Amino acid sequence: MTLVDMDRRRIQLSIVATLYRSADTIEPFYERCMAAASDICQDIELVLVNDGSPDDSLARALDLKDRDPRVVVVDLSRNFGHHKAMMTGLTVASGDYVFLIDSDLEEEPELLTTFWNRFQKGDCDVVYGVQEARRGGWFERVTGDVFFWLVDKLSDQKLPRNLVTARLMTRQYVRELIRHRDREFFIAHLWLLTGFRQEPLTVRKLALSPTTYSVKKRVEMLVKYVTTTSTKLLYMILYLGLVTAGLSGAAVFYIIVRYIWTGVAADGWTSLIVSICFFGGLTTLILGILGIYIANIFSETKRRPYSVVRRIHRSPAGKPHC
């Protein structure tokens with residue numbers, strides 16, 4: 001039995017958000033979400049996933065649940081990361097439509113109304129938000145552009161640029177999305193991989209806090225994404241090996257021919273040391289890349305859950321009300 005089958009009630013709209021250091025924003029986030037959702041339908045649930053938040057986000061979420069039975073609190077056993085917490089929340093959500101958004105208010109909850117109005121055209125299964133331009137200073141924008149350029153060059157599929165978390169999805173799309181059981185994943189890739197008809201809308205993302213995606217974290221995300229979704233890097237290693245072997249063979253052939261023709265053999269320790277260092281470094285690089293792929297295979301074959309739910313807190317009322 002999956003989480004979605006447990007204590008499930010059929011409702012029209014689920015709003016899903018994760019909590020991590022969200023104590024200061026959870027109250028206004030709740031109020032604005034419910035106000036926007038109430039203009040659309042009455043059967044609503046707000047699924048809040050506590051991703052091991054070190055502040056009192058859980059206590060405040062439970063207080064909301066006690067005051068409003070439409071609030072469902074999913075308490076994870078520890079911090080599993082933003083993407084895995086979102087997937088867990090989507091698994092619990094039971095609405096015919098699911099609105100996914102961050103709880104830090106940098107994405108306005110009123111986007112729900114905008115996305116819903118776009119949905120009424122009936123030509124898509126997902127409406128998702130994209131920024132017109134990346135936020136932050138020149139360094140953040142440049143590193144972000146480099147990240148996406150490398151992703152486009154090294155991955156098998158191109159990711160839409162400047163994505164935000166906010167998106168409105170049909171039940172069918174969410175059902176297929178949560179079927180992915182990857183242990184190591186980049187959620188934007190799963191959004192794309194699931195398919196269906198997806199339409200972007202340009203949105204404004206507020207810069208209320210400094211980004212947590214440092215250069216180090218972006219490099220880690222790039223390596224993780226490429227080595228878990230792409231085979232292109234492995235082919236590049238193959239081609240690099242073929243080119244290196246070809247150049248080495250040509251050099252050996254040249255040395256032999258020169259020795260036969262002129263009687264002059266290759267000499268000098270400098271060229272020998274340079275060659276050893278070059279091929280040693282190249283070998284280490286190739287083994288390192290292969291090692292990362294093997295580590296990802298090792299992680300996937302253990303089949304561990306990507307998150308562990310300590311408890312799902314639901315109102316005993318059983319039905320949402322306004």
Side-chain angles (χ1 to χ4, degrees), residues 1-9 11 14-27 29-30 33 44-95 98-107 109 164-167 169 174-175 177-191 194 209 212-213 217 220-221 224-225 228 296 299-300 302-316:
M1 181 179 292
T2 64
L3 292 175
V4 75
D5 295 320
M6 298 164 51
D7 194 22
R8 180 177 178 180
R9 61 175 185 254
I11 62 174
S14 296
I15 302 172
V16 177
T18 61
L19 304 177
Y20 188 80
R21 300 188 185 276
S22 306
D24 294 336
T25 59
I26 186 172
E27 187 74 28
F29 173 78
Y30 157 79
C33 279
I44 308 162
E45 72 173 356
L46 174 60
V47 179
L48 300 174
V49 183
N50 175 45
D51 188 24
S53 183
D55 60 8
D56 62 343
S57 295
L58 176 60
R60 298 196 183 197
L62 292 176
D63 179 64
L64 289 176
K65 189 268 299 182
D66 293 337
R67 288 157 38 196
D68 187 342
R70 296 174 297 176
V71 176
V72 178
V73 180
V74 181
D75 184 24
L76 302 186
S77 62
R78 62 172 177 83
N79 176 259
F80 286 90
H82 187 206
H83 294 189
K84 294 179 179 180
M86 284 192 287
M87 286 292 283
T88 303
L90 293 175
T91 304
V92 174
S94 57
V98 180
F99 181 55
L100 179 65
I101 188 172
D102 286 334
S103 62
D104 56 10
L105 296 180
E106 293 188 358
E107 300 164 9
V164 299
T165 299
R167 53 180 38 225
M169 303 163 282
V174 173
R175 186 183 301 115
L177 174 63
I178 62 178
R179 288 182 60 197
H180 294 285
R181 306 312 299 170
D182 306 45
R183 269 56 186 175
E184 302 294 337
F185 63 86
F186 191 58
I187 197 168
H189 177 248
L190 297 186
W191 289 339
T194 304
S209 59
T212 58
Y213 288 93
K217 191 167 185 179
E220 291 175 350
M221 288 175 59
K224 181 66 68 176
Y225 175 70
T228 55
N296 289 329
S299 178
E300 293 293 333
K302 287 190 285 190
R303 309 304 297 165
R304 292 176 178 172
Y306 50 70
S307 69
V308 177
V309 176
R310 178 183 288 116
R311 183 178 176 185
I312 300 179
H313 301 266
R314 293 187 187 271
S315 170

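Since this is a predicted model, take the numbers as computed values, not measurements.
- Remark: side-chain polar atoms of Asp104 are paired, donor with acceptor, to backbone N or O of Glu106 under 3.5 angstrom.
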Pair Leu48, Lys65 - check side-chain contact (heavy atoms from CB on, under 4.5 Å), show working.
CA-CA 10 Å; Leu48 300 174; Lys65 189 268 299 182; over 6 Å; no
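- Nearest approach of Ala61 to Val73, heavy atoms of both residues: O-CG2, 3.6 Å.
- Here the side chains of Arg179 and Thr194 are not in contact, with every heavy-atom distance at 4.5 Å or above.
- How far CZ of Arg70 is from CG of Leu46: 9.0 Å, rounded to the nearest 0.5 Å.
- Contact between His83 and Ile187 at its shortest, heavy atoms only, is ND1-N, 3.2 Å.
- Asp68 and Tyr30 get closest at one heavy-atom pair: OD2-OH, 2.7 Å.
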Could you go step by step and tell me if Thr165 and Ile101 meet the side-chain contact (heavy atoms from CB on, under 4.5 Å) rule?
CA-CA 5 Å; Thr165 299; Ile101 188 172; 5.6 Å; no
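- Nearest heavy atoms, Tyr20 versus Gly52: CE1-O, 3.8 Å.
- The closest side-chain heavy-atom distance from Met169 to Leu90 is below 4.5 Å.
- Side-chain atoms of Glu45 come within 3.5 Å of backbone N or O of Ser94 as a donor-acceptor pair.
- Contact annotation: the side chain of Leu76 approaches that of Val309 to within less than 4.5 Å [non-hydrogen atoms, C-beta and beyond].
- No option in Arg310, Arg311, His313 other than Arg310 meets the side chain to side chain donor-acceptor pair (under 3.5 Å) test with Asp75.
- Side-chain contact between Pro109 and Phe29 is present, with heavy atoms from C-beta onward closer than 4.5 Å.
- For the pair Leu19 and Leu58, the minimum side-chain heavy-atom distance is 4.5 Å or more.
- Interatomic distance, Ile26 CD1 to Asn50 CG, rounded to the nearest 0.5 Å: 8.5 Å.
- Contact between Trp191 and Val164 at its shortest, heavy atoms only, is CZ3-O, 4.2 Å.
- Within the 4.5 Å cutoff, the side chain of Arg21 has heavy atoms near those of the Pro54 side chain.
- Considering all non-hydrogen atoms of both residues, Ser53 and Ser22 come closest at OG-N, 4.3 Å.
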Candidate pair Met87 and Leu177, rule side-chain contact (heavy atoms from CB on, under 4.5 Å), full reasoning:
CA-CA 9 Å; Met87 286 292 283; Leu177 174 63; 4.2 Å; yes
Derivation and outcome, side-chain contact (heavy atoms from CB on, under 4.5 Å), residues Val92 and Arg314
CA-CA 11 Å; Val92 174; Arg314 293 187 187 271; 3.7 Å; yes
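- Ser103 places a side-chain N or O within donor-acceptor distance of the main-chain N or O of Thr18, the cut-off being under 3.5 Å.
- Between Asn79 and Asp51, the closest side-chain pair of non-hydrogen atoms falls below 4.5 Å.
- For the atom pair CG of Asp24 and CG of Asp55, the computed distance is 7.5 Å after rounding to the nearest 0.5 Å.
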